[in-house]
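Computed from heavy atoms alone, side chains included, the values below leave out hydrogens, waters and symmetry copies.
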Amino acid sequence: MTKSMQIRYRILHDGEERTVTAKPVSIIAFERHWGVGFMTAIREPRLEWHAWIAHDACHKHAVSGNHPAVKPFDEWLAGLDDIDVVDEEAPERPLAGTPSP
């Protein structure tokens with residue numbers, strides 16, 4: 001079980017790297033949209049799921065004025081170069097299926 005209901009992503013999008021934190025509001029939006037529980041997404045990660053959560057978090061940050069504007073998901077996805085889940089207490093780890101450096 002995770003210690004918190006937040007997930008941090010390091011994303012490389014259109015050549016720019018940034019870290020974004022998906023808070024419970026994005027995680028609940030994911031569960032509602034995909035019909036999949038957050039713990040399932042952690043145990044059986046799919047790149048699309050994590051990209052969707054990261055996009056939702058970026059969008060919510062943009063709406064609050066803390067991030068540049070974000071395109072709709074499929075358009076945003078076209079500019080996504082890389083994404084990693086970042087654990088605050090451990091070194092960065094790639095998503096399942098992504099080769100480690």
Side-chain angles (χ1 to χ4, degrees):
M1 181 139 215
T2 62
K3 292 183 287 183
S4 85
M5 288 294 136
Q6 294 185 6
I7 190 165
R8 281 187 39 214
Y9 294 99
R10 183 200 58 82
I11 59 173
L12 181 59
H13 189 271
D14 286 336
E16 291 185 35
E17 183 174 315
R18 70 175 33 115
T19 300
V20 64
T21 300
K23 296 183 179 184
V25 66
S26 291
I27 294 167
I28 291 168
F30 162 81
E31 291 179 333
R32 289 177 177 173
H33 179 83
W34 292 95
V36 174
F38 178 63
M39 294 312 296
T40 298
I42 297 300
R43 281 191 316 272
E44 303 168 21
R46 293 185 184 174
L47 183 56
E48 184 176 22
W49 290 350
H50 285 282
W52 193 95
I53 294 169
H55 172 266
D56 190 74
C58 288
H59 174 73
K60 285 176 174 39
H61 285 282
V63 168
S64 69
N66 297 322
H67 197 278
V70 178
K71 296 176 183 178
F73 180 66
D74 286 333
E75 292 175 43
W76 179 85
L77 192 58
L80 184 63
D81 300 311
D82 195 19
I83 181 171
D84 290 324
V85 176
V86 179
D87 183 6
E88 302 221 357
E89 294 184 12
E92 292 184 11
R93 64 181 190 264
L95 291 174
T98 303
S100 296

Closest contact, heavy atoms only, [X] versus [Y]:
X   : Y   : value
T19 : R8  : CG2-NE, 3.5 Å
A69 : A62 : CA-CB, 4.2 Å
A51 : L77 : CB-CD1, 4.0 Å
A22 : A57 : CA-CB, 3.7 Å
V20 : A54 : CG1-O, 4.3 Å

Cluster overlap [X] with [Y], hydrophobic side-chain contacts below 4.5 Å:
X   : Y   : result
I83 : I42 : yes
L47 : W49 : yes
I28 : M39 : no

Where does the angle between the aromatic ring planes of H55 and H59 fall among parallel (under 30°), tilted (30 to 60°) and perpendicular (over 60°)?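 Rings of H55 and H59: parallel, under 30°.
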
Classify the ring geometry between H33 and W52 as parallel (under 30°), tilted (30 to 60°) or perpendicular (over 60°).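 Because their plane-to-plane angle is under 30°, the rings of H33 and W52 count as parallel.
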
Kindly indicate whether the side chain of [X], heavy atoms from C-beta on, has any atom under 4.5 Å from the side chain of [Y].
X   : Y   : result
D56 : V25 : no
F73 : E48 : yes
C58 : I11 : yes
V85 : H50 : yes
T21 : I7  : no

Tell me if a side-chain donor or acceptor on [X] pairs with a main-chain N or O of [Y] at a distance below 3.5 Å.
X   : Y   : result
E31 : F38 : yes
H13 : W76 : yes
D84 : Y9  : no
D82 : L12 : no

Check R18 with E16, please: is the shortest side-chain N to carboxylate O separation under 4.0 Å?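 Salt bridge between E16 and R18, a charged N being under 4.0 Å from a carboxylate O: yes.
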
Can you tell me how far OG1 of T40 sits from CH2 of W34, rounded to the nearest 0.5 angstrom?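 With rounding to 0.5 Å, CH2 (W34) is 14.0 Å from OG1 (T40).
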
In this structure, are over 12 heavy atoms from other groups packed under 6.0 Å from K60 atom NZ?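 Enclosed.
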
